Amino acid sequence: MSGPLLHVVATILTILVVASLAGFVLERRAKDEKAIATVRNLNARTRSWWVMVAVLGGAIWAGATTTILLFALLSFTALREFWTLTSARRGDQLALFLSFFVVLPIHYALLLDEWYGLMSIFIPVYAFLILPALSTLSGDAKEFLARSAKVQWGLMLCVYAVSHAPALLLLETSVDSRLLLVYLVVVVQLSDVFQYVWGKLIGKRRFSPNISPSKTLEGLIGGGLTAILIGVLLHGLTPFTPLQAAGVSAVIVTAGFFGGFVLSAIKRDLGAKDWGYVIEGHGGVLDRIDSLTFAAPLFFHIVRYFWAA
Amino acid sequence: MTALIRRTLIVLVRFLVGARADWRGCAPVTTQRIYFANHGSHLDTVAVMAALPWAVRRLTHPVAARDYWGRNAVLRWIAEVGLRAVLIDRKPVRGEDPLGPAAAVLERGRSILIFPEGTRGSGEEMGPFRGGLQRIAARFPAVELIPVHLDNLQRILPKGSLLIVPITCTARFGAPIRLEPGEDKGAFLRRARQSVLDLVA
């Protein structure tokens, strides 16, 4: 394990240990019902973080194939959550079946095969054209445009966008490509975590009560700046200078914020609070990777255009 | 070996349909019970079984239609060995109790899972309950009757489709009901059906 990576692993473990201890103390101190509920949720989140760190860390350590397969599984679960909440008609059955069992596997197979050219257009061009074409065969024109758009959104968000995180493993830069994935995930997730923490500590002004009632302006700025600072401190994992790391982190944080925001808007539209239930305290997989869906493609493209060999 | 195959089957079903359990009105304990659920697709038997924890599942036998599950050797094997199902004839010979095999399982102290609509509804609407549930309830008054509602199964595998869309199916388990002494058959069946409908999110 290289120096900077060792630091990251040690830091993450330290943060988790501190968070677990703090949660333990807070649980004993919490008196009224609201505080107890908040602490319980916080502790559930921490417990889930241990599992998520172990699973993702284990997959990255095991190698590119394992990591890509893990992300394929995350995409599958996210797509399931998306379609459990989104309505469909009988005429969409074929398009949905193909989304899960043909398009998703082919997309990730292309990634495993390192066939970037086809991977980058397979869903945006071919799935986009072929799935609605097949849907017409069911003869149901009702809400056809909206239905086709939902099919495409599900794939773009849950499969195409998410897959740009493991796609970082294909890039040849001056550093081990696994470090780039670690960097992206750490910055984007800590941005979420610190937005939550700053929001709970000093949050006053609601940013957009209609879309995401818990997001505050203070949380947003505090969390964003903290995450950018972390991005600068971790520049050793990347080919970036500290200044470049600040710029790239700012892009990750902004994209991540809008990822969470857009997915919240969709959730409100569908009348749901969480996407799913599989991650204790967080909701669904899509609740946890919402920011990654927007940050991953941007980070991937920036690194690929400016730093890849 | 059989245990391993059963386990694999359950993992596969959980992967395909989520099979999430939501215990609203009762706990997942090994008390002898009659679970009765709405019927949405051929997957519903496996969906409920996959949602039950192992300790409960091993004591619970789904009651399944012989004309579907007994159709070929593979389905029959999945039903009888994989799911510990009892197969019944939906159109029995005159004078025979179609639920006889299910009653025999209850006599042994095991739980059963039945689908009182008898046949899959064509739309979202749940069909009326058939009389078997009342006869079983009258014969085993000490056994808890647990309503179960399965959502999304019509979307996962609609009638007449061979294509599965693997969205999450949630099995909601309600509070136990009982056949009251002297309760009219029709009234009980309507009340039982309503107890399933009340579980809709």
Side-chain angles (χ1 to χ4, degrees), chain A residues 69-70 72-105 131 134-135 137-140 143 147 150-151 153-155 157-159 267 270-280 283-287, chain B residues 8-25 27-28 38-44 46-48 50-53 120-126 148-173 199-201:
Chain A
L69 291 177
L70 173 68
L73 189 64
L74 288 177
S75 281
F76 187 91
T77 314
L79 194 61
R80 154 184 288 168
E81 290 170 355
F82 182 87
W83 279 110
T84 301
L85 291 186
T86 308
S87 67
R89 288 170 64 85
R90 175 66 201 272
D92 301 319
Q93 194 78 4
L94 178 60
L96 295 187
F97 173 82
L98 294 174
S99 294
F100 280 98
F101 294 113
V102 177
V103 177
L104 186 152
L131 293 180
L134 291 173
S135 285
L137 299 179
S138 74
D140 182 3
E143 295 175 44
R147 283 160 46 204
K150 286 189 222 170
V151 170
W153 260 78
L155 283 171
L157 273 179
C158 304
V159 183
K267 264 193 299 197
L270 299 171
K273 188 185 149 288
D274 287 328
W275 282 105
Y277 55 91
V278 293
I279 311 177
E280 197 197 357
V285 166
L286 209 41
D287 290 292
Chain B
T8 313
L9 186 67
I10 294 300
V11 168
L12 185 72
V13 172
R14 284 191 178 157
F15 176 70
L16 281 179
V17 302
R20 174 197 183 206
D22 180 5
W23 297 87
R24 292 210 172 158
N38 60 319
H39 195 25
S41 103
H42 289 307
L43 286 170
D44 47 17
V46 284
V48 181
L52 292 172
R120 287 179 297 154
S122 52
E124 296 293 308
E125 185 79 355
M126 193 163 64
V148 183
H149 181 265
L150 296 164
D151 66 7
N152 287 336
L153 280 170
Q154 295 273 5
R155 285 183 58 200
I156 294 171
L157 184 64
K159 201 165 192 170
S161 171
L162 293 171
L163 304 177
I164 287 184
V165 174
I167 61 174
T168 306
C169 166
T170 303
R172 298 194 172 85
F173 296 85
L199 292 168
V200 179

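Throughout, a chain's letter reflects where its sequence line sits, starting with A, and its residues are numbered from 1. For the numbers below, each heavy atom of this structure counts, side chains included, while hydrogens, waters and symmetry mates do not. Keep in mind it's a predicted model, so treat the numbers as computed, not measured.
Note that the CZ atom of B/R155 and the CG atom of A/D92 stand 9.0 Å from one another [nearest 0.5 Å]. The distance from the CG atom of A/L79 to the CD1 atom of B/I167 is 11.0 Å, given to the nearest 0.5 Å. One finds the OG1 atom of B/T168 at 7.0 Å from the CD atom of A/E81 (value rounded to the nearest 0.5 Å).
Within 6.0 Å of atom CG in A/L137, more than 12 heavy atoms from other residues, nucleotides or ligands are found, so the atom counts as buried in its surroundings.
Nearest heavy-atom pair across B/G18 and A/R80 is N-NH2, 3.6 Å. Here the shortest heavy-atom pairing between A/R90 and B/S161 reads NH2-CB, 3.4 Å.
With chain B as the partner, the residue from A/F100, A/F97, A/F101 showing the most heavy-atom pairs under 4.5 Å is A/F97.
Interface remark: A/L85 contributes no atoms to any contact with chain B (heavy atom separation under 4.5 Å). At a 4.5 Å heavy-atom cutoff, the contact between B/L16 and chain A is made by backbone and side-chain atoms alike.
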